[in-house]
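Data first, discussion second: the structure below is written as structure tokens.
Only heavy atoms go into these numbers, but all of them, side chains included; no hydrogens, no water, no symmetry mates. Just so it is clear: chains get the letters A, B, ... in the order the sequence lines come, proteins before strands, and each one is counted from 1.
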Amino acid sequence: MLGLEFPPINEVIRWQEVFPTFNKIGLIAVAAAVIASLVFILASRYDSTRAPKGVRNLAEIIIDFIEDNIVMQTMGRDGMGWTPFLTSLFVFIYLCNVPGIIPIIQMPATARMAIPLFLALVAWVIYNAVGIKHQGLFHYFKGIMFPPGVPKPIYLLLTPIELVSTIVVRPFSLAIRLFANMLAGHMLLVTFALLTKELVQGGNAALIPVGILPFFMLVFLTAFEVLVAFLQAYIFTILTAVYIGGAMHPEH
Amino acid sequence: MEAFAHFVAELSAGEQKAAQAAIGAGFAYGLAAIGPGIGIGYVVGKAIEAMARQPEAAGMVRTTMFLGIAFTEALALIGFVVFILLGL
Amino acid sequence: MLTVVMTNGSTGPEVLLSAEGEGHSSTYTFADCAIIPAGREASEEIESLEECDPGPSPIMPEANELYWGAGAFVVLAILMRVILYPRVRRGMDARYQSIRDAYAEADSTKAGAQSEVAAYESALAGLKAEATARIDAARATLEGERSASLADANARIAARREQAAAAAAQAQAAARGDVGAAVAAVASRTVEVAIGRTPDAAVVASAVESAMSVGVSS
């Protein structure tokens, strides 16, 4: 009987520091910001009157994607001012997610709680600030606590739930959704990688052919993680946009 | 089962506690995944039905579908976080 | 029972297989752990990985990661807001504007060409109308001349016919006179032979005349 001893989780997701306070997560985050900036700087250098190609095309596709699929769908035309923020949010999260499947790095920066939590808090601050600015403090909280079109006695139940869900649950569910998705994907990849390695290099020749099965699973999950990295960045961004849009235009 | 009980009895107190935590974590995640599994299936199924009926509204339906999936999935992910907190 | 132990080796994760009961063939140092506990040397040997600092809960955010992540994102967001996005957007807008301008120019060119075509067509229509009018006028003139010459010819034919008719009537009258005279001479001679006396010339002439006119009229 073979037993696979899974390494302690901190072995899998924590890394030795490159220099004090700066570890791999910090490195990925900084690299994400630098790569995103480079893409847009290179894009803005191209002759803008020609048909876009290469980096410029990439940057324009990102901006068009954010405008058409996120801003217009959730906030409408007034939300166009939020495009730069949402673009940076989307690109940053995507570039933090995608190292999870890049060989050698193999670690999504968002599989640690710090970055998702920070981004969720930023989103929380922004949508509350937008709500207070657009509707005024009183109307904003009134809109949250007493949603219109509900019979009076229901408010007894609804008001605390709505208040807690908007003020507390939203940012945490936003952070945990991103964090847990990326961590789960990372743990799956680690599990199947370990299983493959153990079966192939475990010293038992009969088990070596069996090792192909977890390896196929590993390849499949890596492909799946490509999708998840994009999808989670998209979902985080669109939820932020939905919250900001909801704060801008309260339901009547 | 007997072998398992024998195996558990041989463990130290700390190891027994860890084993129980691992079992609890497994149940926590397994149970937490049931509801969202059904929910996501329902959301996606209905979304596909809507897209099949009105292909011209597919873009809007897809966006809303992802939002619905995101909200439903959060429950399973909270289960996953609890799994990590308890078990590892 | 074999157990697999996974460690952070020098070349990535290292998997060791060991039979239960035997001790690990190699000892570890703190360098194998993810975190080196404060105050310990990396080269210090430890019995097993259990002695490693398990580290904080995997759910808890870590301050250094929070700072680096936050810093990176804030810098990116501000750069995006101030420089990166406006520059790319301006380029896009300029291109879209130039495309729109080109479309507008094409539209105006098309409208100009269409108005030229319309002017040409109206000129063509005017010319055609003029040509038709001229042709009609020429045709009317021709018709007039033709009918005039026709009438002239008819008149000449009628005159000739009258002339011929008159000549014929004259010849007839002359012939008739000759025939009457001859008949009267023959009749008076016949009467003279028969009764021996010469009849009155005037009576004979009137009798011949009435007989001839009866014959002509019958």
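With a 4.5 angstrom heavy-atom cutoff, A/Tyr234 touches chain B only via side-chain atoms. In this structure, the portion of A/Phe179 lying under 4.5 Å from any heavy atom of chain B is its side chain and not its backbone. For A/Leu183, the parts lying near chain B are the backbone and the side chain together; criterion is any non-hydrogen pair under 4.5 Å.
Nearest heavy atom pair, residue B/Thr63 against residue A/Asn69, reads CG2-O, 4.4 Å.
Taken to the nearest 0.5 Å, the CZ atom of B/Arg62 stands 10.0 Å off from the CD atom of A/Gln73. Atom CG in A/Leu231 sits 7.5 Å away from atom CD1 in B/Ile69 (nearest 0.5 Å).
A donor-acceptor contact shorter than 3.5 Å is absent between the side chain of A/Arg177 and the backbone of B/Leu77.
Between A/Ile238 and B/Phe66 the shortest side-chain heavy-atom distance does not fall below 4.5 Å. A/Asn181 is not listed as a side-chain neighbour of B/Phe80, based on a closest heavy-atom distance of 4.5 Å or more.
Heavy atoms from other residues, nucleotides or ligands lying under 6.0 Å from CZ of B/Phe27 number 12 at most. Heavy atoms of other residues, nucleotides or ligands lying less than 6.0 angstrom from CZ of A/Phe65 number more than 12. Within a 6.0 Å radius of CE in B/Met60, no more than 12 heavy atoms belonging to other residues, nucleotides or ligands are found. The environment of CH2 in A/Trp124 is sparse: at most 12 heavy-atom neighbours from other residues, nucleotides or ligands sit within 6.0 Å.
Note on B/Ala76, B/Gly59, B/Ala70: by heavy-atom pairs under 4.5 Å with chain A, the leading option is B/Ala70.
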